[in-house]
There are 2 protein chains.
Amino acid sequence: MVAKYIQVKEAIKAWILEGRITPGEKIGSESDLMGQFNVSRHTIRQAIGELVHEDWLYTVQGGGTYCKDRRKSDTHGTMKTKTIGVMTTYISDYIFPYIIRGIESYTTENDYSLLLTSTNNNVDLEKKGLQNVMTNNIDGLIVEPTKSTYHNPNLNYYLNLERNKIPYVMINASYSELAGPSITLNDEKGGFIATEHLIKLGYTKVLGLFKTDDLQGIDRMKGYIDAHRKHHLLPFPDMVISFSTEEKGEKLQEQVRAMLTRKKENRPEAIVCYNDETALSILHVIRKLNMKVPEDLSIVGFDDSHLTEASEVQLTSVKHPKTELGRAAAEVLINLIENKNPDAGGSIVFEPELVIRNSTKPASS
Amino acid sequence: MVAKYIQVKEAIKAWILEGRITPGEKIGSESDLMGQFNVSRHTIRQAIGELVHEDWLYTVQGGGTYCKDRRKSDTHGTMKTKTIGVMTTYISDYIFPYIIRGIESYTTENDYSLLLTSTNNNVDLEKKGLQNVMTNNIDGLIVEPTKSTYHNPNLNYYLNLERNKIPYVMINASYSELAGPSITLNDEKGGFIATEHLIKLGYTKVLGLFKTDDLQGIDRMKGYIDAHRKHHLLPFPDMVISFSTEEKGEKLQEQVRAMLTRKKENRPEAIVCYNDETALSILHVIRKLNMKVPEDLSIVGFDDSHLTEASEVQLTSVKHPKTELGRAAAEVLINLIENKNPDAGGSIVFEPELVIRNSTKPASS
DNA sequence: ATAAATTTGTGCGTATGTATC
DNA sequence: GGATACATACGCACAAATTTA
């Protein structure tokens, strides 16, 4: 004698296998089924309960019971680990603790834990990190693209995430080849308002320093050029220096030192920096040359990090939403994981603001 | 309102994680559990049913319900996951990014990744975090004890880690009941040098503010008292305020405000703070009272965090090895995991240093 | 070795809460 | 707001397997 709930279970499973019920279609309500099989509600629930566990059905309270598309769910990898991976260029430096705080605030509220790895903006380390998070059975991934300007040799890993139905979101930048949502700052506008601020203060020779192996730097540079165009200025020759992560130290400092020791008519009067870290590094050069900020030179940073206040002169900087951005990324990702709002998976672009401190002053005409 | 069967389920899961029930051992019968939890049989069965599905238990009709050995059933069994858990009170605040940076630097060099959770210095969240890391099959755990002054209700979880041969190290403080190695700062000496600095500057009425739900605070307070004793001073009455994590905000500020508005002969001339965060909070009070640091009041912080430079007046503070400490903890733990140096598993105590900035000056006698 | 007691499995009835439509 | 549908929870009865006296 086979148990009644087993009979019910097999019958419903048969409906699905025969195609009488297709994925997404609603099966009858519990009371319907009670009538059809002439059993109690308890028995129906027991059958449905097991079918839900075995991934044939899913239920929506108040809604109904539906047939699940089993092809979508990998038979082995379906168990939720309640862990999301976070792979950023850095973890504990600069603005990253703030971004991670934002991620953390939302994930802990929702009982997820974080698996952290960093890439140091190096694609080999990114590969290692991707292998790591993928073997660790995570539910989703928040990733800051590494060297986003160039072709990424790890694209296959991301495509494999898609094949395995592991959702991911990108922050700060995105690989154009990938379809996942991204949570970013409008860097082009940021570069624009930083540059326009200096132009409006009366400067015409504005030096731009941009790290161009990340899209952020490319976009900020675009904004820098746009601001010049809008105000009918052409950037002076040599007035844009682009550098890579590997060159951001002494090499950049040397180039800037060379420009600042030119004779006055060729010397920059103001500098737009890729970020606050760059600005601080340049402030060291300026100090060694016995020049003063903002008296001899106005300078604008980017990201509004804690560095703006760590230096002697407080940096005018473009605000980066850091914590807010991290939280938004976590929110979008968890929505994707739990499939609550299918349309909540869109990209978000934050708008930048300029925070004026005392590293900039009007040009002394 | 959490469903009863969920509560029962979590309680039974906790038994297993705490080691109160070991693999193969029988749990109480359904009627036993009905009595223990004071719920109906249906509810017990619902809880057990899910735990069976999730592979925590198995049942034998007529026999009973038993705890399953999850290691064997897991395909990755005893295989190293190359993941270590990190459970600190906070993740992205204050000095923790620096500690985590240190941990991270060593772990990534050795191809480990980090599973992060935070406890907010709350034992319930600590329990959740412990359950989390234990179900995630980690190779080892770095933990900052929560509320280390008090008896810890989660001791069983740590003991179960030992039973399962999962090594762990404690940082910043340690539970005296546990045998694992700890990587700490000599907080007593730190409190001593901070206080002695003020005494040597000529102050006799030195207020001490210490958070005493963590051992760090207790030890720092000990150092504060020792410094007085060594210089044949008695701490003035009321000159030590101890507070808990929950009281660190307005309540503490109110108490200090009351002391600072006393008449001059009873008013403190200098303050030793539990940490820089406390110092900053007190600086707000001082500013509102229109008093000046260090002219009217000298103040010493603790941890030498970035906050020392964020405030208007740069804080004299006791140096905390942050990054170095994190790295050392990771090193000890990985040594334990890989069993390279059986004798490398010892505790480490870092010695503090005083960093003198301009929040302290000699007493104007 | 057998019967009784215990323990899990199946099944029904009922009531109330809560989300969806 | 009301109807519908799933979620939680209590109670009872009997069956089947195991343990124990």
Side-chain angles (χ1 to χ4, degrees), chain A residues 1-13 15-16 21-69 80 110-111 334-335 338-344, chain B residues 1-13 15-16 21-69:
Chain A
M1 159 70 188
V2 65
K4 282 191 189 173
Y5 80 96
I6 300 281
Q7 294 177 38
V8 173
K9 191 177 149 186
E10 294 306 321
I12 295 175
K13 204 194 285 185
W15 292 350
I16 298 169
I21 293 176
T22 51
E25 199 179 338
K26 193 194 262 192
I27 72 169
S29 75
E30 288 173 355
S31 27
D32 274 353
L33 298 173
M34 281 169 69
Q36 285 186 53
F37 291 100
N38 196 31
V39 295
S40 73
R41 176 148 180 249
H42 179 86
T43 305
I44 296 294
R45 283 187 61 77
Q46 202 165 355
I48 289 178
E50 295 207 357
L51 288 169
V52 168
H53 263 293
E54 290 164 25
D55 227 31
W56 294 89
L57 301 174
Y58 67 93
T59 58
V60 179
Q61 183 175 1
T65 302
Y66 302 83
C67 177
K68 198 160 178 180
D69 190 349
K80 297 284 186 219
N110 290 275
D111 289 334
I334 289 180
N335 268 329
E338 302 186 346
N339 217 349
K340 280 180 179 162
N341 272 333
D343 40 55
Chain B
M1 165 67 190
V2 182
K4 283 189 190 175
Y5 81 94
I6 300 279
Q7 294 177 39
V8 173
K9 191 179 152 186
E10 294 306 318
I12 294 174
K13 204 196 283 186
W15 292 351
I16 298 169
I21 292 174
T22 50
E25 200 179 338
K26 194 196 273 195
I27 73 168
S29 72
E30 289 173 357
S31 27
D32 272 352
L33 298 174
M34 284 169 67
Q36 286 185 54
F37 292 102
N38 198 30
V39 295
S40 71
R41 179 156 176 241
H42 178 85
T43 306
I44 297 292
R45 282 188 63 76
Q46 201 166 354
I48 288 177
E50 295 207 356
L51 289 169
V52 168
H53 265 290
E54 290 166 25
D55 226 30
W56 294 90
L57 301 174
Y58 67 93
T59 56
V60 178
Q61 185 176 150
T65 303
Y66 302 83
C67 175
K68 200 159 177 178
D69 190 348

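Values in this document were obtained by computation on a predicted structure and should not be read as measured data. Numbered from 1 within each chain, the chains take letters A, B, ... in sequence-line order.
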Novice: Can you check whether A:T59 has a side-chain N or O nearer than 4.0 Å to OP1 or OP2 of D:dA7?
Specialist: yes
Novice: Of all nucleotides in DNA chain C that come within under 4.0 Å of a heavy atom of chain A, which is furthest toward the 5' end and which toward the 3' end?
Specialist: C:dT10 to C:dT20
Novice: Donor-acceptor pairs are to be reported for all side-chain atoms of residues 31-40 of chain A against protein atoms at under 3.5 Å, with residues two or more places apart or in another chain.
Specialist:
unit_1 : atom_1 : unit_2 : atom_2 : d
A:S31  : OG     : A:S29  : OG     : 3.3
A:D32  : OD2    : A:S29  : N      : 3.4
A:S40  : OG     : A:H42  : N      : 3.4
A:S40  : OG     : A:T43  : N      : 3.4
A:S40  : OG     : A:T43  : OG1    : 3.2

Novice: Roughly, in whole Å, what's the span from CD in B:Q61 to P in D:dA17?
Specialist: 6 Å
Novice: From CZ of A:R45 over to P of D:dA5, roughly how many Å is that when rounded to an integer?
Specialist: 14 Å
Novice: Quick one: list whatever passes salt bridge (Lys or Arg N to Asp or Glu O under 4.0 Å) with A:E50, sequence neighbours left out.
Specialist: A:K9
Novice: Would you please name every residue forming a salt bridge (Lys or Arg N to Asp or Glu O under 4.0 Å) with A:K13, sequence neighbours left out?
Specialist: A:E10
Novice: To the nearest 0.5 Å, what is the distance between CG (B:L57) and SG (B:C67)?
Specialist: 6.5 Å
Novice: Between A:Q7 and A:V60, which has a closest nucleotide on DNA chain C that is more 5'?
Specialist: A:Q7
Novice: With heavy-atom distances below 4.5 Å as the criterion, would you say the side chains of B:V60 and B:Y66 are in contact?
Specialist: yes
Novice: Which parts of residues 25-44 of chain B get close to DNA chain D, meaning a heavy atom less than 4.0 angstrom away?
Specialist: B:V39, B:S40, B:R41, B:H42, B:T43
Novice: So how far is it from B:E54 CD to B:K68 NZ, rounded to the nearest 0.5 Å?
Specialist: 12.0 Å
Novice: How long is the span from the CD1 atom in B:I21 to the CD1 atom in B:I16, to the nearest 0.5 Å?
Specialist: 6.0 Å
Novice: Checking A:E30 side chain against A:R45 main chain: does a donor-acceptor pair fall under 3.5 Å?
Specialist: no
Novice: If I take atom CD in residue B:E50 and atom P in nucleotide D:dA7, what distance separates them, rounded to the nearest angstrom?
Specialist: 11 Å
Novice: Within this structure, what is the CD1-to-C1' distance between B:I6 and D:dA7, rounded to whole angstrom?
Specialist: 11 Å
Novice: Could you tell me how far apart B:Y66 (OH) and D:dT18 (P) are, to the nearest whole angstrom?
Specialist: 10 Å
Novice: For A:L57 and D:dA5, what is the distance between atoms CG and C1' respectively, to the nearest whole Å?
Specialist: 15 Å
Novice: Mind checking side-chain contact (heavy atoms from CB on, under 4.5 Å) for A:T59 and listing every partner two or more places apart, or none if nothing turns up?
Specialist: A:I48, A:V52, A:T65
Novice: Tell me: OH of B:Y5 to C1' of D:dC6, nearest whole Å?
Specialist: 12 Å
